[in-house]
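A quick note: this is a predicted structure, and the numbers were derived from the prediction, not measured. Order of the sequence lines sets the chain letters (A, B, ...), proteins ahead of strands, with each chain counted from 1.
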Amino acid sequence: MLDPILIRHELAATAARLLTKGFELDVVQIQSLESQRKDLQVETEELQATRNSQSKAIGQAKSKGEDIQPLLDAVANLGDQLDSKKQALEAVQSRLNELLMAIPNVPDDTVPAGKSEDDNLEVRTWGDPTEFTFAARDHVDMTSASGKMGFEEATKITGSRFVTLRGQLAQLHRALVQFMLNVHTVEHGYEEIYVPYIVNRESLTGTGQLPKFEEDLFKLDDERDFYLIPTAEVPVTNMVRDEILDAAVLPQKFVCHSPCFRSEAGSYGRDTRGMIRQHQFEKVELVMMVRPEDSWAALEELALNAETILQKLGLPYRVVNLCGGDLGFAAAKTYDLEVWLPGQGKYREISSCSNFLDFQARRMQARWRNPETGKPELMHTVNGSALAVGRTLVAVLENYQQEDGSVRIPKALQAYMGGETVISLEQ
RNA sequence: GGAGAGGUGUCCGAGUGGCUUAAGGAGCACGCUUGGAAAGCGUGUGUACGGUCAAACGUACCGAGGGUUCGAAUCCCUCCCUCUCCGCCA
């Protein structure tokens, strides 16, 4: 949520900045609702003040044994007047709030202009695209003979966009999780955390998935408003919802491994092959809660922490600065990490690292006590994947494939694979 | 699933219809006192919105949402959460 001050006093400038995200702000409607709100609020509060003082007078008169009937007559209509004003005020406020909750974050000045991913700005690359002396295959072809990656099997069990993994493939998947968690906790100073995979509506509203993106989520059939998490960002970030943290505990750095569930509505034709886009996948997520002045440095640090994983795995990648049109709803700036996939012959997103400034914090009322002012102030939140495990598995398989169909195990993972240096996918 | 007890400010805790403008205590901040500290004494101490150059001031907030009333922390209804005992259970 944007600072309402921006809407009240810098409406035109804010609307202009939102255009770079492709969002058209309804300036006229907001102005009209704002002036209605202001009038109604003043009138309502005046009526309340009258009621309060009159009621007090009645109480005093009664305790002195005076006749209170004239006083009661005087306030006879007050209740109805107040009710109707209150109702009008609430209607305007909820309409205004609805609009406000649907306004995306304002892009930072360093975000490139543009409409689609073609306009994203390459910031840096690491390594060169892997070259082979034979025709490189994709992970689907690599595993089809052995059936160790079971797309049809999972489709039988559940439906499309699910997968089963077997044997050393399942082990490699688990090894990646353990490896990532260990690097972030031991080398990067994150605290490992375990969270619920089912969250309520308030949590999803806090991080910005709701109310606008309900169709991307799996909702439970339950009278409680329960949803499967689309990312660990939701439960982890919401740990600080409605909290006022002591300055001394900032920054907070959390790493969390969790499954992620996404309905992928609206992406029916895309990435139907392989395990690039699944309804269920594992992810290791990094989340930071920081003082406002530290969030930009935190974003750089967090992105580097994610890159470290790719580097240790020896996977070629590039970093792109997302353009305005490609930026997510809550983000002020996002770096995507894109790993080289030989099977597709291109870079594919494997991590997304964003600074949300106080956008999520305002929705969550997540604050810290600033020692300089003594007041509770909104904190900043930063997060990113490090990394998406399923896509990392694909990247390892495709980049480390050998002509005989086997896959070399990157050095960093060997300890997690019982010392194995090569696994076979043929049988 | 059954029975019971609760939810009040940063924390503890009083408050069962009207000087509650939420008592009292702790903590915290500042001041006095002191050689210095502790103790003691005094003063202050929430959030949001409106208002204002700034203030004064006004409004709302006692788990959430409704209701009764001139007036609700207090009475009524619904829901959520916590704790204790019993049952069941990975």
According to a strict under-4.0 Å criterion, is [X] in side-chain N/O contact with OP1 or OP2 of [N]?
X	N	result
Asn52(A)	G71(B)	no
Lys38(A)	C49(B)	no
Arg51(A)	A60(B)	yes

Rounded to whole angstroms, how far apart are [atom1] on [X] and [atom2] on [N]?
X	N	atom1	atom2	result
Glu46(A)	C57(B)	CD	P	18 Å
Asp242(A)	U10(B)	CG	C1'	16 Å
Gln48(A)	A48(B)	CD	C1'	14 Å
Leu40(A)	U59(B)	CG	P	18 Å
Arg369(A)	G27(B)	CZ	P	18 Å
Asn97(A)	C49(B)	CG	C1'	14 Å
Arg363(A)	A48(B)	CZ	C1'	18 Å
Asn370(A)	C28(B)	CG	C1'	17 Å

Is there a Watson-Crick or G-U wobble partner for [N] with both distances under 3.5 Å, and if so, which one is it?
N	answer
A3(B)	U84(B)
C53(B)	none
G9(B)	none
A22(B)	none
G27(B)	U45(B)
A39(B)	none
A90(B)	none
U74(B)	none

Taking atom [atom1] in both [N] and [M], compute the distance separating them and give it to the nearest angstrom.
N	M	atom1	result
G7(B)	C49(B)	P	30 Å
G63(B)	C11(B)	P	13 Å
C76(B)	U68(B)	C1'	7 Å
G24(B)	C81(B)	P	36 Å
C62(B)	G6(B)	C1'	14 Å
A38(B)	C32(B)	C1'	15 Å
C83(B)	G18(B)	P	34 Å
A14(B)	A23(B)	P	15 Å

Between [X] and [Y], is there a side-chain N and carboxylate O pair less than 4.0 Å apart?
X	Y	result
Arg17(A)	Glu10(A)	no
Arg367(A)	Asp358(A)	no
Glu264(A)	Arg277(A)	yes
Lys156(A)	Glu153(A)	no

Give the nucleotide from the list [options] with an atom nearest to the side chain of [X].
X	options	result
Gln41(A)	G71(B), C49(B), U21(B)	C49(B)
Arg37(A)	C49(B), U21(B), A60(B)	C49(B)
Val42(A)	G18(B), G50(B), U21(B)	G50(B)
Ala49(A)	G58(B), G18(B), U47(B)	G58(B)

Subject >> Pair of N/O donor and acceptor under 3.5 Å linking G50(B) base with Glu45(A) side chain >> reply: no
Original post:
What is the distance from atom CG of Leu393(A) to atom CZ of Arg391(A), rounded to the nearest 0.5 Å?
Top reply: 13.0 Å
Original post:
How many angstroms lie between atom CG of Asn120(A) and atom CD of Glu338(A), to the nearest 0.5 angstrom?
Top reply: 7.0 Å
**OP:** Could you tell me whether the side chains of Glu233(A) and Thr207(A) share a donor-acceptor contact shorter than 3.5 Å?
**Re:** no
**OP:** Describe, in one word, how the ring planes of Phe162(A) and His279(A) are oriented to each other, choosing from parallel (under 30°), tilted (30 to 60°) and perpendicular (over 60°).
**Re:** tilted
Original post:
Taking for each residue the nucleotide of RNA chain B with the nearest heavy atom, is it Gln365(A) or Thr50(A) whose nucleotide lies nearer the 5' end?
Top reply: Gln365(A)
Subject >> Along RNA chain B (nearest heavy atom to each residue), the more 5'-positioned of Glu90(A) and Ser55(A) >> reply: Ser55(A)
**OP:** Scan Gln54(A) against the nucleic acid and name what it touches under 4.0 Å (heavy atoms): base, sugar-phosphate only, or nothing.
**Re:** nothing
